[in-house]
Amino acid sequence: MKRERYLVKKITAPIDWVVEVPGSKSITNRALLLAALSDGRVEVEGVLFSDDSRHFLASLENLGFSLSINEEKKCVAVVGCGGKIPKKEATIDVGSAGTAARFLTAMLGFSDGIYTIQASEQMKRRPMKPLFDLLEGVGAKISYLEREGFLPIRIIGRAYGEGEKAEAESLSISLDISKSTQFLSALLLITPMIKQGLYIHITSEKTDGSYIRITRKMMQEFGVEVIFDGRDYRVKKDASYHRTSYIVEPDMSAACYFYAAAAMTGGKALVRRVHMNNTQGDLRFLKVLEQMGCAVCESEQGIEVCGPAGGKLKGITIDMNDFSDQALTLAAIAPFAEDIVRIENIGHIRGQECDRIHAIVTELQRLGMRCDEAEDAVTIYPGIPTGGTVETYEDHRVAMAFSLIGLRTEGVWIDNPACCGKTFEDYFEILDRLTGK
């Protein structure tokens with residue numbers, strides 16, 4: 001989409017929408033990595049095609065993996081090499097894809113090759129030092145090409161020049177996951193490269209999370225069990241992935257924007273193929289909507305959310321640490337609640353595509369709303385938003401979440417709507433169709 005700004009069409013009646021959303025970004029990228037490290041060809045169906053996944057796919061191709069890509073059918077076939085990387089020297093570009101950056105860096109850190117990892121200007125600002133320190137601690141060598149602790153880097157894998165090592169004991173690593181669980185997912189996913197087995201001791205108070213549970217479930221589906229005792233993670237030696245096909249779930253994060261639209265308009269939205277057995281943490285957002293006065297029901301088609309009459313939502317105080325991608329969505333519908341909405345324990349979202357807490361407060365205030373910013377929380381007061389232009393900070397979730405306000409407010413413009421290409425490139429075209437714009 002080439003428009004520099006997008007004017008959201010205000011609607012005057014409760015919505016009645018039936019929509020489909022793309023595949024999950026988180027599951028797509030995990031499935032592609034699992035396939036690349038598998039023993040043989042894996043066909044991944046329901047793939048999300050977006051800026052992030054295209055960078056992931058291009059990186060795999062640059063590393064020498066054989067891929068067959070069919071965007072029309074949302075299918076990618078990957079020929080895995082049993083935990084080996086075909087090319088021993090290569091340059092990859094992860095763009096702005098945080099998941100690709102963490103997962104592929106871990107994979108290259110345990111390789112027997114020499115690689116350069118490039119990134120977008122946005123990704124260059126995102127913290128990577130904990131992962132770099134961890135990889136150096138197990139024997140990888142990292143040279144910073146610009147700023148210490150950040151991409152781009154040149155990395156020499158821990159197995160470079162050493163060949164196969166027959167180590168008797170599992171590799172032991174200590175890890176703090178209080179700020180991000182992606183580092184833990186990355187290490188678990190690449191265990192076929194660690195033939196001696198892997199033991200990870202978690203040093204933080206937080207020891208688990210929804211994305212870790214997705215990682216463990218998918219690894220099990222590919223034939224590798226992760227043993228978790230409530231504190232530490234263990235994978236036995238000689239782990240290997242075996243699977244011929246995998247189907248990616250619809251993206252729950254994307255579905256939530258349409259469910260939120262139903263909530264705030266007093267209408268209803270059904271998202272096809274999204275069901276209660278969805279493994280993604282954002283499924284918990286449905287419980288939040290129920291507490292705010294919505295009805296949630298499931299049919300063969302999918303889950304439907306019905307908003308309260310007149311879109312009169314109840315206020316709520318909620319810990320969103322484990323499904324924080326929906327903090328922006330809740331913040332966008334919060335002005336229409338009849339009481340205060342407070343979102344807590346989300347300090348880690350300051351280090352995502354942008355400082356999302358500050359973005360919430362800045363953009364709500366720009367639209368005339370009162371809100372308070374804390375280090376790891378935000379409080380939003382009821383009110384009537386005014387029109388204005390929302391700055392999106394090149395953050396897809398800011399763009400999609402704040403478009404919701406425009407459904408009930410005249411004159412809301414979204415700056416740089418094309419940033420949604422990161423995960424949901426036709427979001428605004430779908431919104432055009434649904435609103436009759």
Side-chain angles (χ1 to χ4, degrees), residues 1 19-81 92-104 107 182 185-186 189-190 211 214-215 217-223 241-258 271-275 277-283 302 325 396-397 400 418-427 429-430:
M1 186 173 57
V19 297
E20 290 190 11
V21 296
S24 161
K25 178 189 77 168
S26 300
I27 293 178
T28 290
N29 287 339
R30 281 166 173 78
L32 293 174
L33 184 63
L34 287 161
L37 296 175
S38 291
D39 296 332
R41 188 178 187 274
V42 183
E43 189 156 315
V44 185
E45 301 175 43
V47 170
L48 166 69
F49 284 96
S50 66
D51 287 349
D52 275 20
S53 60
R54 289 191 183 96
H55 276 98
F56 205 116
L57 290 166
S59 294
L60 290 177
E61 286 185 316
N62 288 343
L63 292 170
F65 290 97
S66 175
L67 307 181
S68 299
I69 301 171
N70 189 325
E71 286 204 27
E72 186 178 347
K73 293 184 177 180
K74 299 180 174 58
C75 181
V76 175
V78 184
V79 179
C81 297
I92 65 171
D93 185 343
V94 297
S96 297
T99 308
R102 276 67 180 263
F103 290 1
L104 294 175
M107 181 173 76
Q182 278 190 353
S185 280
L189 288 165
I190 56 96
Y211 288 107
I214 290 173
T215 297
K217 180 177 183 292
M218 291 182 68
M219 288 176 65
Q220 186 173 39
E221 290 168 340
F222 275 76
Y241 295 138
H242 309 281
R243 197 174 176 98
T244 57
S245 63
Y246 191 83
I247 299 175
V248 175
E249 290 179 349
D251 188 54
M252 193 66 208
S253 298
C256 286
Y257 301 117
F258 302 105
V271 183
R272 290 195 182 106
R273 299 193 306 112
V274 172
H275 292 281
N277 62 357
N278 189 288
T279 63
Q280 297 156 65
D282 283 0
L283 186 71
D325 275 350
H396 57 131
R397 301 220 178 277
M400 290 186 279
C419 68
C420 290
K422 182 176 175 66
T423 54
F424 196 168
E425 55 190 17
D426 58 348
Y427 172 79
E429 281 81 359
I430 292 174

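All residue numbers in this chain count up from 1 along the given sequence.
Residues Y211 and D325 form a side-chain contact, since some pair of their non-hydrogen atoms from C-beta on lies under 4.5 Å apart. Looking at heavy atoms from C-beta onward, C75 lies in side-chain contact with E43 at the 4.5 angstrom threshold. Contact annotation: the side chain of Q280 approaches that of D251 to within less than 4.5 Å [non-hydrogen atoms, C-beta and beyond]. Using a 4.5 Å heavy-atom cutoff, the side chains of M218 and Y246 are in contact. Counting heavy atoms from C-beta on, the side chains of L34 and V78 never come closer than 4.5 Å.
Not counting sequence neighbours, R30 has no partner by the salt bridge (charged side-chain N to carboxylate O under 4.0 Å, His left out) test. Applying the salt bridge (charged side-chain N to carboxylate O under 4.0 Å, His left out) test to K74 and every residue at least two apart in sequence or in another chain returns nothing.
One finds a salt bridge joining K422 and D52 here, because a Lys/Arg side-chain nitrogen approaches an Asp/Glu carboxylate oxygen to under 4.0 Å.
Heavy-atom minimum distance, R243 versus E221: NH1-O, 2.8 Å. Nearest heavy atoms, S50 versus G421: CB-O, 3.3 Å. The two residues V44 and V47 make their nearest non-hydrogen contact at O-CG2, 3.4 Å. When every heavy atom of A36 is checked against every heavy atom of L60, the shortest pair comes out as CB-CD2, 4.0 Å.
Each of T215, N29, T99 was compared with S185 under the side chain to side chain donor-acceptor pair (under 3.5 Å) criterion, and only T215 meets it. Looking at V248, L33, L57 one by one, the single match for side-chain contact (heavy atoms from CB on, under 4.5 Å) with T28 turns out to be V248.
Without hydrogens or angle criteria, E249 side chain to T279 main chain gives a donor-acceptor distance under 3.5 Å. R41 places no side-chain N or O within donor-acceptor distance of the main-chain N or O of A77, the cut-off being under 3.5 Å.
Taking CZ of F258 as the reference point, atom CE of M400 lies at 9.0 Å (rounded to 0.5 Å). Atoms SG and CD, on C420 and E429 in that order, are 9.5 Å from each other to the nearest 0.5 Å. The distance from atom CZ of R273 to atom CD1 of I247, rounded to the nearest 0.5 Å, is 9.0 Å. Atom-to-atom distance recorded for R54:CZ and S59:OG is 14.0 Å, nearest 0.5 angstrom. Note that the CD1 atom of I190 and the CZ atom of F103 stand 11.0 Å from one another [nearest 0.5 Å]. Here T423 contributes atom OG1 and H396 contributes atom NE2; the two are 4.5 Å apart, rounded to the nearest 0.5 Å.
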Donor-acceptor contacts, no H, no angles, side chain residues 63-70, under 3.5 Å, sequence neighbours left out:
{"residue": "N70", "atom": "OD1", "partner": "E72", "partner atom": "N", "Å": "3.2"}
{"residue": "N70", "atom": "OD1", "partner": "K73", "partner atom": "N", "Å": "3.0"}

Requested in this report: Go through F424 and L48 one step at a time and tell me if the side-chain contact (heavy atoms from CB on, under 4.5 Å) criterion holds.
Outcome: CA-CA 8 Å; F424 196 168; L48 166 69; over 6 Å; no
Query raised in the report: Which is it for M219 and L189 under the side-chain contact (heavy atoms from CB on, under 4.5 Å) test, yes or no, and what are the steps along the way?
Result: CA-CA 7 Å; M219 288 176 65; L189 288 165; 4.0 Å; yes
Report task. Might you work through the side-chain contact (heavy atoms from CB on, under 4.5 Å) test for F222 and V42, ending with a clear yes or no? Result -> CA-CA 10 Å; F222 275 76; V42 183; 4.2 Å; yes
